[in-house]
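As structure tokens, the structure follows; a few thoughts come after it.
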2 protein chains.
Amino acid sequence: MDEVFKALADSSRRSLLDRLHARNGQTLNELCEGLAMTRQAVTKHLAILEEANLITTIRHGREKLHYLNPVPIHQIGERWIRKFERSKLAALNELKRQLENGDE
Amino acid sequence: MDEVFKALADSSRRSLLDRLHARNGQTLNELCEGLAMTRQAVTKHLAILEEANLITTIRHGREKLHYLNPVPIHQIGERWIRKFERSKLAALNELKRQLENGDE
DNA sequence: TTGACATGCAACCATTTAGTTGCCTATTAT
DNA sequence: ATAATAGGCAACTAAATGGTTGCATGTCAA
């Protein structure tokens, strides 16, 4: 779980996921196109995403195809985001109450 | 948005959010209890959370109270998590298809 | 079979990050 | 008034991070 959050913490990596979301199964070179960094830097980002299980790769001859794995993102939604959303209104109400009470 | 992801990327910070989720409005010292780091380290983490707008603080005499702000987490859920969830089944199906097709 | 193409590996560098220590300031209680 | 309490500030350190360059390997096409 920590690996997933860490992987998502970088905007380059999030944009790689976005690109795969737009078109799944791209090669390394395709994913490099238009990015302001070297292929090796992209390779490292993809390795981190793969380590976090956010993408899966398949070698296809001399090409490496990258596929999104949406499961970890879904898990974060389930185990983390929704947990906080559930109490969203309650939290806002308490904050409002505190503010209205002024300084005791 | 980047700040929020970066803030959430650290497990110490996520556990601070968890603590506030369990009981909102805790002081700095309360949030330090039982953690294996100095008060100053916690202060820095809280500053990062506040910078990302994930918490709000109110000075109350010599105490500083910390409150969860669930809005950014909700936004991540809306703008990011759900976006990927929507195409979850589609992605899995495509991956399955690719794998079944074998090489080419 | 040889050259071009797609990717991998490793060493290196600069910056950021997470944490520390030491000291200072403000508020409360006796 | 003064001591204890709650927190703030700043300098420093070690390790992680994001990036680079140079070279090696494997695969495909002419």
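Chain identifiers are assigned alphabetically (A, B, ...) following the order of the sequence lines, protein sequences preceding nucleic acid strands; residue numbering begins at 1 within each chain. All heavy atoms count here, side chains included; hydrogens, waters and symmetry mates do not.
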Practice task
Mind running a 4.0 Å heavy-atom check of residues 39-55 of chain B against DNA chain C and sending the residues that fall below it, in number order?
Solution key: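 Listed by number, they are Gln40(B), Ala41(B), Lys44(B), His45(B), Ile48(B).
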
Handout entry: base_contact_polar (dT7(C) base, Arg62(A) side chain, donor-acceptor, <3.5 Å)
Key =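 Flag unset: no donor-acceptor pair detected.
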
Handout entry: Whether His60(B) side chain and Ile58(B) backbone form a donor-acceptor pair below 3.5 Å
Key =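 Between the backbone of Ile58(B) and the side chain of His60(B) there is no qualifying donor-acceptor contact (under 3.5 Å).
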
Practice task
Would you confirm whether Thr27(B), through its side chain, and Glu30(B), through its main-chain N or O, come within 3.5 Å as a donor-acceptor pair?
Solution key: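 Checking the backbone N and O of Glu30(B) against the side chain of Thr27(B), a donor-acceptor pair under 3.5 Å is found.
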
Nucleotide [N], atom [atom2] - distance to [atom1] of [X] in whole Å:
X: Glu30(B); N: dA6(D); atom1: CD; atom2: C1'; answer: 11 Å
X: Leu28(B); N: dC9(D); atom1: CG; atom2: C1'; answer: 14 Å
X: Glu33(A); N: dT7(C); atom1: CD; atom2: P; answer: 11 Å
X: Glu63(B); N: dT28(C); atom1: CD; atom2: P; answer: 9 Å
X: Asp10(A); N: dA16(D); atom1: CG; atom2: P; answer: 18 Å
X: His60(B); N: dT28(C); atom1: NE2; atom2: C1'; answer: 13 Å
X: Arg59(A); N: dA6(C); atom1: CZ; atom2: P; answer: 12 Å
X: Glu3(B); N: dT16(C); atom1: CD; atom2: C1'; answer: 15 Å

Handout entry: Phosphate OP1/OP2 of dG7(D) contacted by Asn29(B) side-chain N/O (<4.0 Å)
Key =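 Result: yes.
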
Practice task
Check whether any side-chain nitrogen or oxygen of Thr27(A) sits under 4.0 Å from OP1 or OP2 of dA6(C), and answer yes or no.
Solution key: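 No, outside the criterion.
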
Problem - Cationic N near anionic O, under 4.0 Å, Lys6(A) to Asp10(B) - result: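 Between Asp10(B) and Lys6(A) there is no salt bridge, as every charged N stays at least 4.0 Å from the carboxylate O atoms.
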
Exercise for the section: Give a yes or no on whether a salt bridge exists between Arg59(A) and Glu63(A), defined as a side-chain N under 4.0 angstrom from a carboxylate O. Expected result: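 Looking at Arg59(A) and Glu63(A), the cut-off is not met.
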
Can I get a per-line list of side-chain donor-acceptor pairs under 3.5 Å for residues 40-51 of chain A, giving both atom names and the distance, sequence neighbours left out?
from: Thr43(A); atom 1: OG1; to: Arg39(A); atom 2: O; distance (Å): 3.0
from: His45(A); atom 1: ND1; to: Arg13(A); atom 2: NH1; distance (Å): 3.1
from: Glu50(A); atom 1: OE2; to: Thr57(A); atom 2: OG1; distance (Å): 2.9

Problem - Ile76(B) CD1 to Phe84(A) CZ distance, which is reported to the nearest 0.5 Å - result: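 Separation between the atoms: 11.5 Å.
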
